[in-house]
Amino acid sequence: MYFFASLKYLPQYREIKSVRKTDVIQKSIVFMKEHLEEKITLNDIANAVGYSSSHLNTLFTQRTSYSPMAYYNQLKIQRSCFYLQFSDLKIKEIAFRLNYYDPFHFSKTFVKEMEITPKEYRIRYRDKKRLE
């Protein structure tokens with residue numbers, strides 16, 4: 001089904017895959033995704049796209065309804081979900097890989113966003129995998 005959908009919506013798929021060179025928000029998001037396992041600041045993102053941090057913060061918030069750093073933190077949670085589902089990394093290894101200063105901070109942030117603990121998330125995924 002995915003294959004057929006990708007053929008039907010090929011122009012849209014190609015547009016999503018290519019970053020518009022002039023779109024500062026997309027450039028910011030690409031920069032964030034490329035640096036998920038590093039410690040970056042708003043200034044780092046702003047410098048990467050050639051804007052001041054205050055101007056980037058305003059534009060980003062207007063377009064996405066999130067501040068750049070809140071968006072970056074959500075991307076980090078998404079990456080942690082990927083690691084929990086598809087790797088055997090320990091939770092503390094995931095925490096340190098994504099630059100949380102300790103596993104407790106990572107777990108607390110994860111629960112705030114996902115409403116379950118990282119361990120519960122991993123168990124739920126593995127239970128689904130066994131049922132399939």
Side-chain angles (χ1 to χ4, degrees):
M1 294 301 281
Y2 175 79
F3 175 73
F4 292 124
S6 67
L7 291 175
K8 182 176 181 180
Y9 299 105
L10 191 59
Q12 294 92 332
Y13 179 76
R14 286 184 178 155
E15 184 178 334
I16 289 170
K17 287 293 186 184
S18 66
V19 176
R20 293 184 190 112
K21 302 252 187 272
T22 58
D23 190 347
V24 68
I25 304 306
Q26 284 188 354
K27 285 167 102 175
S28 300
I29 292 170
V30 167
F31 179 82
M32 290 178 207
K33 287 180 177 180
E34 290 173 349
H35 296 88
L36 279 177
E37 296 184 7
E38 301 168 26
K39 185 173 178 137
I40 64 171
T41 65
L42 178 57
N43 283 333
D44 296 329
I45 301 167
N47 289 337
V49 297
Y51 278 71
S52 72
S53 57
S54 61
H55 189 61
L56 176 64
N57 191 44
T58 301
L59 288 175
F60 200 97
T61 304
Q62 286 173 347
R63 287 266 306 275
T64 66
S65 301
Y66 294 99
S67 71
M69 295 313 292
Y71 194 93
Y72 178 68
N73 289 328
Q74 287 183 341
L75 290 173
K76 285 171 68 169
I77 293 297
Q78 286 177 357
R79 177 70 56 93
S80 68
C81 289
F82 174 81
Y83 286 141
L84 290 166
Q85 290 178 3
F86 301 111
S87 79
D88 291 326
L89 292 171
K90 295 178 181 175
I91 292 171
K92 71 177 183 178
E93 292 172 328
I94 294 170
F96 290 126
R97 183 173 279 200
L98 294 173
N99 279 296
Y100 288 93
Y101 53 85
D102 67 26
F104 177 74
H105 178 242
F106 165 66
S107 186
K108 186 176 176 183
T109 304
F110 191 92
V111 169
K112 185 177 179 183
E113 188 68 31
M114 302 300 292
E115 298 180 354
I116 59 173
T117 67
K119 183 178 180 180
E120 290 170 332
Y121 186 91
R122 178 170 269 168
I123 290 168
R124 280 189 191 177
Y125 173 76
R126 289 194 174 156
D127 286 344
K128 280 185 180 179
K129 190 174 178 182
R130 286 184 196 139
L131 293 174
E132 293 175 352

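Index from 1, following the sequence. Keep in mind that this is a model prediction, so the values were computed, not measured.
A donor and an acceptor atom, one from each side chain of Tyr83 and Glu93, are nowhere located under 3.5 Å apart. For the residue pair Asp44/Thr41, the side-chain donor-acceptor check at 3.5 Å is satisfied.
Hydrophobic cluster membership is shared by Leu59 and Tyr72, with clusters built from Ile, Leu, Val, Met, Phe, Trp and Tyr side chains linked at under 4.5 angstrom. Residues Tyr101 and Leu98 are members of separate hydrophobic clusters, defined by side-chain heavy-atom contacts under 4.5 angstrom among Ile, Leu, Val, Met, Phe, Trp and Tyr. Follow the hydrophobic side-chain contacts under 4.5 Å out from Ile77 and you reach Tyr125 in the same cluster. Note: the hydrophobic cluster containing Ile40 does not contain Phe96 (ILVMFWY, side chain heavy atoms under 4.5 Å, direct or indirect links). Clustering ILVMFWY residues whenever any of their side-chain heavy atoms sit less than 4.5 angstrom apart, transitively, puts Leu84 in a cluster other than the one holding Phe104.
Around atom CD of Glu38, more than 12 heavy atoms belonging to other residues, nucleotides or ligands sit under 6.0 Å away.
Residues Pro103 and Lys90 are not in side-chain contact: their nearest non-hydrogen atoms beyond the backbone lie 4.5 Å or more apart.
Across Asn47, Asn43, Val49, Thr61, a single residue satisfies side chain to side chain contact (heavy atoms under 4.5 Å, CB included) together with Leu56, and that is Val49.
Side chain of His35 to backbone of Phe31: a donor-acceptor contact under 3.5 angstrom is found.
Residues Tyr66 and Phe60 place their aromatic rings such that the two centres sit no closer than 6.0 Å.
The aromatic rings of His105 and Tyr100 are tilted relative to each other, their planes meeting at an angle between 30° and 60°. Between Phe110 and Phe106, the ring-plane angle classifies as tilted under the 30° and 60° cut-offs.
The line from CD of Glu113 to CD of Gln78 is 8.5 Å long, rounded to the nearest 0.5 Å.
Remark: Lys76 does not engage Glu37 in a salt bridge, criterion side-chain N to carboxylate O under 4.0 Å. Using a 4.0 Å cut-off between charged nitrogen and carboxylate oxygen, Arg63 and Asp23 count as a salt-bridge pair.
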